[in-house]
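For this chain, numbers begin at 1 and follow the sequence in order. Computed from heavy atoms alone, side chains included, the values below leave out hydrogens, waters and symmetry copies.
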Amino acid sequence: MEDATISRILTDLECLNPQSPISRSTLLDLKSLLTHQIQTPSRNFDIDNSDETPQINPLWDELSTRSLSLSSLINPISSSMDSSTSSLSLLASTVYLSLFLSPNAPVFSLFTPMSFLSLLHSIRRSLKYRKEGSSPPASNEPRRKKGRGKRARVSNNSDADDDCGGVGERLDNEFDIKLLLSVLDKLGLVLSLMHLGRFPDSLKSLVQTVAQIPVLGFDLCGNNSGNCKKLFDTCTGILSQILRPEHGEQEMTSAEVLKSLTPLILSTKSQARTFAILFVKNEMMGMAIDSNSLRKAMVNLPRYLAQKAPEKSDARALAVESILDIVKAMESDDQVGFVDYVMKMAQGKSHLRNLAVDLIPKLILSLQTLSGSELDSEVEEDSWKLRCLVALIQRCSDSVAGIRARALSSLAQLVGTSSDERDQVLFKKALGIDGGREGRANDFLKKRCTDEKAAVRKAALLLITKLMALVGSTLDPDILKMMGIACSDPLVSIRKAAISALSEAFRTFSDRSVVIEWLHSVPRLIIDSESSIQEECESFFVELVLDRVSRAGSAASSDTSAVHNSKYSARSFEKELAAIYPEGVLDLLSEICNGEVAPWVKKICSSLGKKGKLRPKIATALQKIIKTSESLWLSHSMPIDNWTAPPGAWLLLSEVSSFLRKAVEWEFLYHHWKLLDKDVTTDELNSRTIEDIMPESVDGMETNTAVWAGDRVLLLQTISNVSVELSPEPAAHLAHDLLKRIEGFSMHSTEVNAHVKALKTLCKRKAMNPQEADALVTKSADQIFCKASRVVDMYLSEEQKTSKENNLFTPPKSTRKGKREATPSKLLLQATTAVYTIGSLVIICPSLDIKAIVPVLHSMITSGTHEPRSNQLPGSTISVKEKAPCLYIQAWLTMGKICLADGKLAKRYIPLFVQELEKSDCTALRNNIVVIMADFCVRYTALVDCYIAKITKCLRDTCELVRRQTFILLSRLLQTDYVKWRGVLFLRFLLSLDDESETIRQLADFLFGNILKAKAPLLAYNSFVEAVFVLNDCQAYVTNNKSQNSRVERRLFSIRGNDEKSRSRRMHIYVSLLKQMAPEHLLATFAKICAEILAAASDGILSFDDVSCQSVLQDAFRILTCKEIRLPSNRAAAPDASTEMEEEGGDGGAAARGKAITQAVKKGLIQNTIPIFIELKRLLENKNSPLIGSLMECLCVLLKDYKNEIEDILVADNQLRKELIYDMQKYETVKAKSTATEAIATMHRSQGYHTPGATNQKSKLSKKQHSDSKVASAMADVAAATIAKSILKEVNKGAATPPLSLLNMPQLRTSERPPHSRGHKSAHVIESLRRRQTFDFDEDN
């Protein structure tokens, strides 16, 4: 049987062409012949035949007998291995390898590099064949549905040697993994027989093929983990065989293996990556113990991986993990060496620095114990951890923004995970935090908190948050201020990070400065446009304010007994009370009363109450704090008249009581009402003036009268809130007391509203049903209204009588001082309060009959005008505006409240309000009218809309309070759409960006950067060009909605002037608008400026002689050159932009959009910009305009990033291109020369007059000038020319040197001339002139 098989094989070989592939039947015969002669292979690839002597294969004898060479057998098999059919190719590979394993096979004769290469191609092809899906399905095979592609079917037959002859040929789309495993097993056995040291190319191809098998084979194996494991184990065995010394020098072989495995180690495919790392750690590390060559390769592997690591963030993170896995398996000395290498990487190129920043924190966290590097109690200076931290801190100030952000984030991660005390000592040493001083840390944190890149600012805030535990007992005020500023950052992520950082500082430190900064920065974000920030603001307020106050109230001891001390002072009382309530609770409550904090606290409490997040314990704690303060005061026998509750306690209680009515005790409220309701007697009131009643301050401390008045208002608000829970009897009794106080008209206006509101609430509670409640409220209001009217009439009658008496004398009799002056003062006070009370009554009871008081108020508010009035009205002949300004202001305010209740009156009086707003010189009145007009805008929107432009004039008011109030009120109306962004409104709001007040500037930045950017993102783009003309007061710009503004108004809302200060102010506004635009809007704005300003100038619409038009052109050039409008090209900004995009979680869409925008910029330059600039340049040169310098600077900056594209931009006109480039170069040269001349002149003046600090000035100037090569060259030329002039002057003995253009060839004297000849000098001086190069003396002409 065997002889017949051999005969068929040889017969086929004789008939074959040496280059033709062998047939499948012959291959099957060869396989069956060789199979039973080969031992069962094992994957340790060791063949032990010492016990048996194998028989010689008769095939070799028959080949010799028939005069057939081995090549006649190997070449056809190689051709079959190159077959495109996977099954045939693998079958030929199996036969080829079986020939090597046959007994006494001529191994060295069978092996040829080409046949071995065919074997490797067969293996790779079998893996790639199904992966690429190049084999189409048979025609009779049903088509698969779209979208439901499946893997190529992998056969898992138990018999790998089945020849399938009875079944037919194997289907092309069927892949037998067992057949591939059989080929690989035989390949491993062949490697133990055949050494590849003499065939380096074959060895290299083998290594590359085996390295690809895990990647390609995993896709074929699918979910069959058993086949994957067998495949990986086989590859591991082959690679281990290759690393043996008999296959060549281990240093070269290991380098080739590691080089081929590097793509797998850095791969994102987990299975292939795991295979490569395990092979390196388990196999190669073990072999490296006994081989120095392998150990050297293993030491260099992590460094090679670092060089090949990808730059994408996700792939780079996997590379870092792979490197760390390998480094952890190395010996300690090698690990230290790799740490040193990472330190050098941190000083290398950008991608290496980026990888080093990722590696350093992993190394510190992973390699805790290195031999000879463990930390002791003193923290050695040369510790590897300390060096890593110092390198990481240095990268926090890297020139690349992405690296700065990564370094800050990595440092924050390390600080946050360090729990060991020795590690904290190390961090303090690296950061320079010693004894509570954070010098080094503060230096770079201050810079990073104001970094131009958002990712850096966010990482800096995160680091500050983590550093709280290391800082000590205090926090740097500058860092604290920067965290507060970051809470208003335009980016949501930055605001969130700032809130977290500042809140962590509040948790850690109880300093008053931290409390103040937190309250001024975080609560205001309750109105943020981002809902998640509002929720964070509420949660932090509950945790850091309400919960802290609740804990303090519940933990404080109720024992306040003390011994009387005659020397006990208010300051001692405050210290003792602060000791009872730690954690800065009293400072917290006190700062809540601040006028900038209280509105946001009220909004937060209201929002929390509506959501049901307020707990009764906060109300209980606030009551206990007030009680404890009172008890402590009385325990020291201090007079109760001098006691005041802790500031802020009543304010917070009044806000939470609206939602926690049952938690507030009525006995507590009633007790303190009786205590705070102490009023001055009638005699005392008669002797006090208005100034005596107003809030006072003595030596920086508020008087108890003013504090008690404020507490009464808050107490009444609390009573109003909890009155629903009162019984009718106490409510009626308290309502009676309130009514008496109101009718006395002796309160300050701040208390009137609270009393009237509380009276209304108590009247409703006292009634049995709603109808009775309304009647009772109306009755009380009528009663108060009648008495108030009588008080006003009494005052006006008294003043009219006094005026008549004085008019009888000629000249008019002066007012006598003394007893008669007290009565008008008291009446004036009561009349003022009465007028204000009438306005409060109208608000709570709109149905009140006010017909009698309207004429009186009309006579008051028109008393300062020449309007004819009826003599029958009281006060019609006196000027209330002059004699009683306070009453005059209250009359306007009350008339405004009446108009809110009566639409007919409002229609008549709104023009009067606008007229007074424009003409009044009283700041308080203008402020009140602005508030009234804002209320009118809500109630009567159509009536007020035509006066909005006049109201906006208050944005340029001389008083900061009026400007701020106007800005805030109009902003609220704009947000609620009662006022629209149309007409001149937007343009007038722009001036607030450059207001004198820092507060108004911050409000304007927030409006334009947050609210307006989200609500009307196109507004800045649509109005930008018009803003340029308006700010320069240029009338050349014509729009469809041209506003008829007076010259005064135009000058009021413009920043005229071409001086540097005016230009800087306008540029600040332009830059603020550009920052709010999307990239596509920046591009469109660029085009609009060119089309509507520059093109208008080139067409003659803008006159070059007009100063305002020149300013517009100057601003246009500066805008086009500012960095905010320029879009960076991909080649210049791609690495930094991509890194930041990765930090922010961006994808490839942003990069594609950026590329498209860049192409659009180029297209815009080609189509619009260059032709306009060329025409404008020609016109400016003809007119010899000074604007030519600004134009050339603008053109140079625009084309600076596109120098290589100038030929493409100007491809149509080559001559024009050359002229433009020449003009640009000439302008830069002239500019550099003028700069150099000025610099040298400055240095000479400093040297001549010995100016103090001239040396430092010279060094700074030299550094600045020499940074530019052209300026440096020009400086050298000017310096040489100056020296030449001085020598010529010396040669001519002071005679002026004529210009070179007027001289012929110079007649130089020689040294042989007589010594008495004029101008004789030594020969070397004249020779130096002869050798010196010519100079440009254009300035002499």
| message | Could you work out, with ring pair (Phe, Tyr, Trp, His ring centres under 6.0 Å) as the rule, every residue matching Phe668, not counting sequence neighbours? | response | Trp650, His672
| query | So is Arg548 actually on top of Phe506's ring, under 6.0 Å and inside 45° of the axis? | reply | yes
| query | ring pair (Phe, Tyr, Trp, His ring centres under 6.0 Å): which pairs involve residues 520-552, sequence neighbours left out? | reply | none
| query | Among side-chain atoms of Trp892 and Ser920, is any donor-acceptor pair under 3.5 angstrom? | reply | no
| Are Arg963 and Glu960 ion-paired here, with the side-chain N under 4.0 Å from a carboxylate O? | no
| task | Quick one: list whatever passes salt bridge (charged side-chain N to carboxylate O under 4.0 Å, His left out) with Asp711, sequence neighbours left out. | result | none
| said: Less than 4.5 Å apart, side chain to side chain, heavy atoms only: is that true for Lys610 and Ser606? | reply: yes
| said: If you define the side chain from C-beta out and look only at heavy atoms, does anything of Asp511 sit under 4.5 Å from Asp587? | reply: no
| Salt-bridge present (Asp977, Lys1015; N to O < 4.0 Å) | yes
| query | Say you draw a straight line from CE of Met483 to OG of Ser500; how long is it, rounded to the nearest 0.5 Å? | reply | 11.5 Å
| Salt bridge between Asp995 and Arg1001, side-chain N to carboxylate O under 4.0 Å? | no
| query | Checking side chain to side chain contact (heavy atoms under 4.5 Å, CB included) against Ser521, which of Leu502, Val597, Ile516, Ile499 comes through? | reply | Leu502
| task | Have a look at Phe967 and tell me which of Phe1008, Phe989, Phe1006 forms a ring-ring contact (aromatic ring centres under 6.0 Å, His included) with it. | result | Phe989
| task | Can you establish whether the number of heavy atoms outside Lys897 located under 6.0 Å from its atom NZ is more than 12? | result | yes
| Sequence neighbours excluded, which residues qualify as side chain to side chain donor-acceptor pair (under 3.5 Å) partners of Glu530? | Ser532
| Take atom NZ in Lys446; do more than 12 heavy atoms of anything else shown fall under 6.0 Å from it? | yes
| Contacts of Asp1005 that satisfy side chain to side chain donor-acceptor pair (under 3.5 Å) - sequence neighbours left out | none
| field | Partner set under side chain to side chain donor-acceptor pair (under 3.5 Å) for Ser503, not counting sequence neighbours | value | Trp518
| said: Under 4.0 Å between a side-chain nitrogen and a carboxylate oxygen: does that hold for Lys627 and Glu665? | reply: yes
| Salt-bridge contact Arg512-Glu591 (side-chain N to carboxylate O under 4.0 Å) | yes
| If you measure from OG1 on Thr465 to CG on Leu461, what distance do you get to the nearest 0.5 Å? | 6.5 Å
| task | Considering non-hydrogen atoms only, spot the tightest contact between Cys954 and Thr966 and give its length. | result | CB-OG1, 3.2 Å
| field | Test item: side-chain donor near acceptor, Glu538 and Ser607, under 3.5 Å | value | yes
| query | Taking 4.0 angstrom as the limit, do Arg448 and Asp451 come out as a salt bridge? | reply | yes
| Salt bridge Lys466-Glu504, side-chain N to carboxylate O under 4.0 Å | no
| message | Side chains of Glu630 and His671: any donor to acceptor distance under 3.5 Å? | response | yes
